[in-house]
Amino acid sequence: MKTVDIVERIEGEAKLNCTWKDGIISDARIDFLNFRGFEYILEGKSPLDALIYTPRICGICGQAHLKATVDALENVYENIGEKLEVTQKAKLLRQIGLNIEIIDSHIKWFYLFIMPDIIKLDSNDLGIYEPLKGQRWLEACKTASETIKSLAIIGGQWPHSSYMLPGGVVSDPTLMDLVNMQNYLHYALVFFEKSIAGISLENYLSFDSVNNIEKLNSDMKCFKDLCLKHNLQNFGKSYNRFITLGETNLFKNGKIKIKLVNKIDLTKVSENSYFTFSMIEKENNDKKHTWSKSVSYNDNIYETGPLARAITSNRKFIKDIHKNYADSVFTRVMSRLDELAYLIDDTKSLISKINIKEDSFIKPKIILSEIEKASAISVVEATRGSLYHKINIEKGKIKSYDVITPTVWNLGPVYKKQKGIAQNAMIGLPSIEIAKIVLRSFDVCSVCTTH
Amino acid sequence: MMNQSKPTIVWFQAITCNGNTHSLLSSNSNRFELFLNSFNLIYHPSLTINNSLEYILENQKEIDFLLVEGSISSNEFIFSISNDSSKNLLEKLALRSKYIIAVGSCASFGGIHAKFTQNDDICGIKEALENNNLQTLIHPIINLSGCPVHPEWIFQTLFSLKTFGKIDLDEVGRPKELYSTLAHHGCTRNEYFEWKVEGNFGQKEGCLFYNQGCRGPMTHSSCNKILWNEISSKTRVGMPCIGCTETDFPRNNMLETKKNMGIPQEVPLGISKRAYLSISGVAKTFKIDRLHKKLME
């Protein structure tokens with residue numbers, strides 16, 4: 001038997017094709033059928049305009065694209081022997097902005113995109129989690145919209161600010177601005193303590209063992225209880241291989257197939273289009289079924305995202321949950337919430353490190369439109385995992401621009417003979433409801449996957 | 001007649017980054033709740049849980065407000081939603097709607113996505129619907145341009161239509177009340193503009209019109225009147241306006257000012273070049289100390 005389901009209430013839409021044998025999924029395929037051609041759009045544009053274009057690849061992770069573009073452009077300078085000086089203040093303001101966007105996204109994702117589905121396994125009465133009506137759903141939206149103000153103080157607006165540019169950032173916050181940023185971020189902290197974990201952040205951050213899940217209250221407890229009741233700690237397992245390309249003060253890069261190696265060689269990242277539609281008509285054939293490409297590192301595919309980051313960065317609580325429940329739905333969702341706690345804590349500390357006396361921006365001596373030929377790569381840790389940008393400049397214009405989003409790692413099709421990460425995670429599942437939850441556990445952004 | 005107590009809203013996403021949805025979710029929470037209590041949002045692909053787009057197409061015969069996010073194409077191979085092209089779906093929904101509102105520049109004028117020229121039929125909804133006889137429509141199509149749209153612009157438009165049934169539009173379909181002023185109006189850097197004090201990136205002082213490409217004096221929007229995320233705006237923090245509410249967005253070289261002999265090629269809207277040059281020349285002869293100093297040392 002085969003089933004085809006359109007999955008909504010993700011970022012965009014996905015088509016889930018399942019093959020069933022004796023009531024169990026024996027094969028699954030995910031199609032993303034919406035292509036927007038950003039890499040084509042960027043061809044021939046002025047390099048600085050990429051700062052305006054790439055954030056608009058995605059309405060929820062635009063700042064990650066912005067940071068990837070600015071890093072790529074600064075790497076261009078470095079590659080032509082003209083490394084730019086960027087102050088610590090500018091670097092902090094960039095990382096803070098990106099962190100706030102991830103905090104906003106993790107909160108919205110949990111309440112808008114997965115919690116209603118988990119509750120539904122148990123009851124049709126969604127209660128406080130009911131979209132548009134439930135008290136907690138509304139509180140989550142409120143918290144996200146208050147928290148994101150912290151980014152608007154330095155970005156001017158969210159979504160779609162382009163406040164970072166080669167040489168620094170456009171804004172020059174005052175001390176009171178920084179205090180306001182802390183205040184808005186405080187909404188996320190209070191919401192985490194009161195509604196998400198039901199315990200103090202300090203207490204939560206001391207967790208180092210799977211047994212600590214018993215100390216959780218509020219929504220994480222509710223989530224945990226439902227997971228264990230419906231076996232979500234056993235569903236959604238894939239290859240148990242992880243990769244983190246980018247590095248921050250919170251995240252360590254690295255990969256783990258059997259043993260963790262905290263070293264990444266970006267030349268080993270490669271894209272494959274065997275199952276991906278092409279704009280060139282004669283390249284299309286009946287094997288092609290999605291606009292998503294697949295991506296590999298050294299010929300292997302890996303899962304990226306909050307779970308991967310917790311593993312490569314050696315965060316103890318999640319590592320111990322992972323030891324017990326592997327790469328299941330339960331572990332994946334817990335990693336995202338765990339990351340939220342660490343990001344709130346980290347971002348508060350980053351804001352306190354800003355020295356307002358430093359420059360926000362130091363003007364580059366050479367302008368990009370005068371560069372004859374250069375190329376550069378950047379990697380950034382975005383909400384859903386590692387984001388890769390590669391720019392080629394020729395005669396002062398963008399010759400080509402390649403974007404590999406986190407969701408390509410997780411949701412892409414078969415690579416050589418290896419089934420995609422999410423695809424593999426769905427094999428053996430007992431129902432379409434569970435299959436959709438497994439798909440959701442990757443935080444699906446169809447918009448980014450195809451871009 | 002419109003359902004007076006709680007008019008129905010269908011939010012349709014076509015070729016989009018979902019940025020307008022996230023702008024909506026970043027609105028003031030009291031306003032957002034008032035909106036949810038005053039209208040019946042029966043379908044939004046990211047928010048509602050009970051109805052799929054397929055269900056709406058089959059069962060919802062009348063829609064009071066159709067909100068469209070994203071640009072439109074008839075090409076189903078490149079972009080399909082629920083097994084159909086965005087254009088077919090738009091038509092099916094539009095033919096049963098009383099009001100149609102484009103939320104964001106992509107739905108209004110094609111926006112960023114219309115730059116994907118390999119698929120050359122991407123456009124805004126007005127153009128996509130021009131051959132349809134929209135008999136249920138009781139108001140011209142409304143364009144709430146902006147990349148993204150401001151959530152207040154959506155709320156104020158919807159509440160005004162709910163109350164008065166009609167609003168005045170400018171020549172490109174935008175509500176006059178929201179788009180008759182310029183992004184420049186209310187910019188905290190206005191005094192620097194008046195006295196022609198040039199700015200730089202990364203500074204609180206100076207005007208971004210002269211070198212950084214700011215389109216504030218040429219762009220219809222209320223960005224500095226109805227602030228972003230309630231507290232901020234691009235130009236206030238030091239990012240030039242990129243003219244995202246206008247029909248020609250995105251333009252080329254958006255972060256620099258095109259100049260001839262040191263003078264901006266484009267001058268503020270409706271001001272003759274001669275008038276602009278005369279007043280600039282005069283303003284520049286006065287060196288106002290206060291405006292050339294840091295605001296705070």
Side-chain angles (χ1 to χ4, degrees), chain A residues 6 8-9 11-13 33-37 40-41 45-46 48-49 51-53 56-60 62 90 108 112-113 116 126 131-133 138 141-142 144-146 148-149 152-163 165 167-172 174 277 279 359-361 363 447, chain B residues 13 15-23 25-29 32-33 36 41 45-49 52-54 77-83 112-113 115-119 147-148 200-204 223 228-239 242 244 250 252-256 296:
Chain A
I6 299 279
E8 295 174 277
R9 212 161 30 76
E11 295 293 332
E13 183 187 281
L33 303 175
N34 25 52
F35 183 55
R36 295 175 299 139
Y40 287 95
I41 291 174
K45 299 287 186 295
S46 118
L48 269 188
D49 280 350
L51 298 165
I52 311 286
Y53 278 95
R56 289 168 167 85
I57 289 175
C58 179
I60 189 152
K108 284 192 281 200
L112 272 58
F113 295 156
L126 299 181
L132 312 186
K133 295 187 188 84
L138 291 165
C141 287
K142 175 176 179 166
S145 85
E146 290 298 319
I148 207 71
K149 287 178 185 173
I153 288 173
I154 49 174
Q157 67 178 65
W158 189 90
H160 292 343
S161 166
S162 300
Y163 77 100
L165 74 173
V169 294
V170 301
S171 47
D172 187 29
T174 63
F277 296 127
M279 286 298 291
D359 284 331
S360 290
F361 175 73
K363 197 175 177 178
V447 169
Chain B
Q13 274 180 348
I15 307 174
T16 176
C17 70
N18 298 1
N20 302 292
T21 289
H22 287 286
S23 188
L25 288 170
S26 304
S27 58
N28 172 293
S29 58
F32 184 52
E33 282 186 42
L36 292 173
L41 180 59
S46 308
L47 305 181
T48 53
I49 191 164
S52 64
L53 182 58
E54 199 185 335
F77 169 63
I78 293 176
F79 204 98
S80 105
I81 303 160
S82 300
N83 302 313
I112 287 259
H113 294 113
K115 295 283 170 185
F116 182 27
T117 49
Q118 284 78 358
N119 177 12
C147 189
N200 279 308
F201 287 124
Q203 293 185 3
K204 298 177 201 54
C223 289
W228 279 86
N229 306 86
E230 298 186 277
I231 52 162
S232 199
S233 82
K234 289 207 283 291
T235 62
R236 287 185 177 202
V237 302
M239 195 198 146
I242 50 173
C244 74
N252 288 327
N253 303 311
M254 287 175 275
L255 296 175
E256 56 189 89
M296 291 169 263

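Protein chains get the first letters and strands the later ones, always in sequence-line order, with residue 1 at the start of each. Only a predicted model underlies this, so the values are computations on that prediction, with no experimental measurement involved.
Heavy-atom distances place both the backbone and the side chain of B:Cys147 under 4.5 Å from chain A. Interface remark: A:Lys45 contributes side-chain atoms only to the contact with chain B (heavy atom separation under 4.5 Å). Heavy atoms of A:Val447 lying under 4.5 Å from chain B belong exclusively to its side chain. In this structure, the portion of B:Glu230 lying under 4.5 Å from any heavy atom of chain A is its side chain and not its backbone. Heavy atoms of B:Thr16 lying under 4.5 Å from chain A belong exclusively to its backbone. Using a 4.5 Å cut-off between heavy atoms, B:Phe77 contacts chain A through both its backbone and its side chain. Within the 4.5 angstrom heavy-atom criterion, only side-chain atoms of A:Leu165, from C-beta onward, approach chain B. At a 4.5 Å heavy-atom cutoff, the contact between A:Glu13 and chain B is made by side-chain atoms alone. When heavy atoms are compared at a cutoff of 4.5 Å, B:Ile242 approaches chain A solely by way of its side chain, counted from C-beta outward. Residue contact with chain B, scored on non-hydrogen atoms closer than 4.5 Å, involves the backbone of A:Ile57 exclusively. Heavy atoms closer than 4.5 Å to chain A are found in the side chain of B:Leu36, but not in its backbone. No part of A:Ala144 comes within reach of chain B, as not one of its non-hydrogen atoms sits under 4.5 angstrom from that chain. Of the atoms belonging to B:Glu33, it is side-chain heavy atoms, and not backbone ones, that fall under 4.5 Å from chain A. Of the two parts of B:Ser27, only the backbone, made up of N, CA, C and O, holds a non-hydrogen atom closer than 4.5 Å to a non-hydrogen atom of chain A. For a residue to count as touching a neighbouring chain, one of its non-hydrogen atoms must lie under 4.5 Å from one of that chain's; by this rule B:Ile231 touches chain A with the side chain only. Contacts between A:Lys108 and chain B at a heavy-atom distance below 4.5 Å involve the side chain alone, from C-beta outward.
Across B:Asn200, B:Thr21, B:Thr48, the residue that shares the most heavy-atom pairs under 4.5 angstrom with chain A is B:Thr48. Most heavy-atom pairs under 4.5 Å with chain B: of the set A:Gly167, A:Gly37, A:Cys58, A:Cys141, this distinction falls to A:Gly37. Annotation: maximal heavy-atom pairing with chain B below 4.5 Å, among A:Gly155, A:Ala90, A:Ser162, A:Gly12, occurs at A:Ser162. The most heavy-atom pairs under 4.5 Å with chain A, out of B:Met296, B:Gln13, B:Glu256, B:Gln118, come from B:Gln118. The candidate from A:Leu112, A:Ile154, A:Ile60 with the greatest count of non-hydrogen atom pairs under 4.5 Å with chain B is A:Ile60. Highest contact tally toward chain B, considering only A:Gly62, A:Ser145, A:Ser360, is held by A:Ser145 [criterion: heavy-atom pairs under 4.5 Å]. Heavy-atom pairs under 4.5 Å with chain A peak, among B:Leu255, B:Thr117, B:Leu41, B:Asn253, at B:Asn253. Between chain B and the residues A:Leu132, A:Leu48, A:Ile148, the largest count of heavy-atom pairs under 4.5 Å involves A:Leu132. Put simply, of A:Lys363, A:Glu11, A:Lys142, A:Glu146, the one with the most heavy-atom pairs under 4.5 Å next to chain B is A:Glu11.
Here the side chains of B:Val237 and A:Tyr163 are not in contact, with every heavy-atom distance at 4.5 Å or above. Using a 4.5 Å cut-off on side-chain heavy atoms (C-beta onward), B:Ser232 and A:Trp158 make no contact. Using a 4.5 Å heavy-atom threshold, the side chains of A:Phe277 and B:Ile78 count as separate.
Note: B:Phe116 and A:Tyr40 have tilted aromatic rings, judged against thresholds of 30 and 60 degrees for the angle between ring planes.
Here the closest non-hydrogen pair linking A:Leu126 and A:Pro116 is CD2-O, 3.6 Å. The minimum heavy-atom distance linking A:Asp172 with B:Gly202 is given by the pair CB-O, 3.5 Å. Across all non-hydrogen atoms, the minimal contact from B:Phe201 to B:Gly238 is CD2-O, 3.9 Å. Taking all atoms of both residues into account, the shortest heavy-atom contact from A:Arg56 to B:Cys17 is O-CB, 3.2 Å. Contact between A:Gly168 and A:Phe361 at its shortest, heavy atoms only, is N-CD1, 3.8 Å. Listed here is the closest heavy atom pair of A:Gly59 and A:His160: CA-CE1, 4.0 Å.
Taking CZ of A:Phe113 as the reference point, atom CD1 of B:Ile49 lies at 11.5 Å (rounded to 0.5 Å).
Between the side chain of A:Arg36 and the backbone N or O of B:Ile15, no donor-acceptor pair lies under 3.5 Å. Side-chain N or O atoms of B:Ser233 include none that pairs as donor or acceptor with a backbone N or O of B:Cys223 at under 3.5 Å. Counting only distance, with no hydrogens or angles, the side chain of B:Ser23 and the backbone of B:Gly19 share no donor-acceptor pair below 3.5 Å.
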Q | Stepwise side chain to side chain contact (heavy atoms under 4.5 Å, CB included) check, B:Leu53 with A:Ile6 | A | CA-CA 10 Å; B:Leu53 182 58; A:Ile6 299 279; over 6 Å; no
